[in-house]
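In listed order, ligands and their atoms are each counted from 1.
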Amino acid sequence: MERKKVTIPDLQNKKREGKKITMLTAYDYPMARLVDDAGIDMVLVGDSLGMVVLGYESTVPVTMDEMIHHSKAVRRGTKYAFLVGDMPFMSYQVSKEEAVRNAGRFMKEAGCDAVKLEGADEVLDATIAIINAGIPVLGHIGLTPQTISKLGGFKIQGKTAKAAKNLIEQALKLERAGCFGIVLECVPDLVAKLITEKLSIPTISCGGGVYCDGQVLVTNDMVGLFDRFVPKFVKQYIKLSPLILDAFKKYKDDVERKVFPDKEHSFTIKEEELKKIKIK
Ligand code: KIV
């Protein structure tokens, strides 16, 4: 069957038909191509960029310019998947106008299909303004890494009845605001199930269990390219870091022992041409 670019109605149909939505992050062209070639439905240029690629301690320092730079590279490598740009901390909190302007940069400069914002109540006005400007928004509630100091650390959210009810209300507000989907991060699976059943828009789990309409993981976590810590909900399908480290060590050894480059990896000149070279 001919492959077509994924659209918001495709994602909504998947929820209706009980088919799971797949999503992974990407931060550069080669990884975006691999994710897209694997047939993943959605690519997120997450602000996790800050931690897994740029080496920051958290996602807080990530800037709009960094996000746009990486989103452009991901766009070039993504042909079919629905591409979401993650709005970094302080790009949508100051004013509705600034939020719309920054969301617009993801669409105009980076060619994204949608943006993602963390939070609900506090960012509802910004969310509505962005949607009214014609830019689709993916919500994100539960553990919201940009406000980690307010949450008191990387903790599971919605563990008490009161906190769970609050999460359900936040999800409903985002749905009413017009979000096309919501990421539920680090939420008990049965709370995520309640939210998923209540909403008509898809829920995407990031540590939210199996009952959500889809799943997202940080690619560098699931391929073992980021080993500062691996969250409990991440399944590592491969551990790339030790394989790459081994290759680098072999290369160093080959160069030092003068076995690389060998004839196979060198260019040659004919003997008679060589003889004609006169160096004064
Ligand atoms: O920044 C990111 O990669 C994210 C996902 C973890 C959902 O927000």
Quick check: are there more than 12 heavy atoms from other residues, nucleotides or ligands sitting under 6.0 Å from NZ of Lys20?
-> yes
Just which atoms of ligand 1 are under 4.0 Å from any heavy atom in His140?
-> 8 (O)
Distance from atom 8 (O) of ligand 1 to nearest protein heavy atom, with residue and atom = Lys116 NZ, 3.0 Å
Verify same cluster id: Val43, Leu34 (apolar side-chain graph, 4.5 Å) | yes
At under 4.0 Å between heavy atoms, which part of Glu118 makes contact with ligand 1: side chain, backbone, both or neither?
-> neither
Logged contact type for Leu217 with ligand 1, heavy-atom cut-off 4.0 Å, is neither
So do the side chains of Val183 and Ile141 get within less than 4.5 Å of each other, counting heavy atoms only?
-> no
Has the side chain of Thr25 got a donor or acceptor atom that lies under 3.5 Å from a matching backbone atom of Gly46?
-> no
With atoms numbered from 1 as shown, which atoms in ligand 1 lie under 4.0 angstrom from a non-hydrogen atom of Thr25?
-> 3 (O)
Going by the atom numbers of ligand 1, which of them fall below 4.0 Å from some non-hydrogen atom of Gly46?
-> 1 (O), 2 (C), 3 (O)
Protein contact of atom 6 (C) of ligand 1 - nearest heavy atom, named by residue and atom, plus distance = Cys206 SG, 3.6 Å
Under 4.0 Å from a heavy atom of Asp86: give me the atoms of ligand 1 that qualify, with their elements.
-> 1 (O), 2 (C), 8 (O)
Val218: numbered ligand 1 atoms lying under 4.0 Å from its heavy atoms | 3 (O), 6 (C)
Look at atom 5 (C) of ligand 1 and say which protein heavy atom is nearest, naming residue and atom and giving the distance to 0.1 Å.
-> Leu44 CD2, 3.7 Å
What protein heavy atom sits nearest atom 3 (O) of ligand 1, and how far away is it?
-> Ser48 OG, 2.5 Å
Just wondering, are more than 12 heavy atoms of other shown residues or ligands nearer than 6.0 Å to OH in Tyr211?
-> no
Using a 4.0 Å heavy-atom cut-off, say whether Asp47 meets ligand 1 through its side chain, its backbone, both or neither.
-> both
Check whether any side-chain heavy atom of Ile130 sits under 4.5 Å from a side-chain heavy atom of Leu117, and report yes or no.
-> yes
Side chain to side chain contact (heavy atoms under 4.5 Å, CB included) partner of Leu44, the single match among Val35, Leu83, Asp86 | Asp86
Is it true that Leu194 and Leu199 fall in one hydrophobic cluster, defined by side-chain heavy atoms closer than 4.5 Å?
-> yes
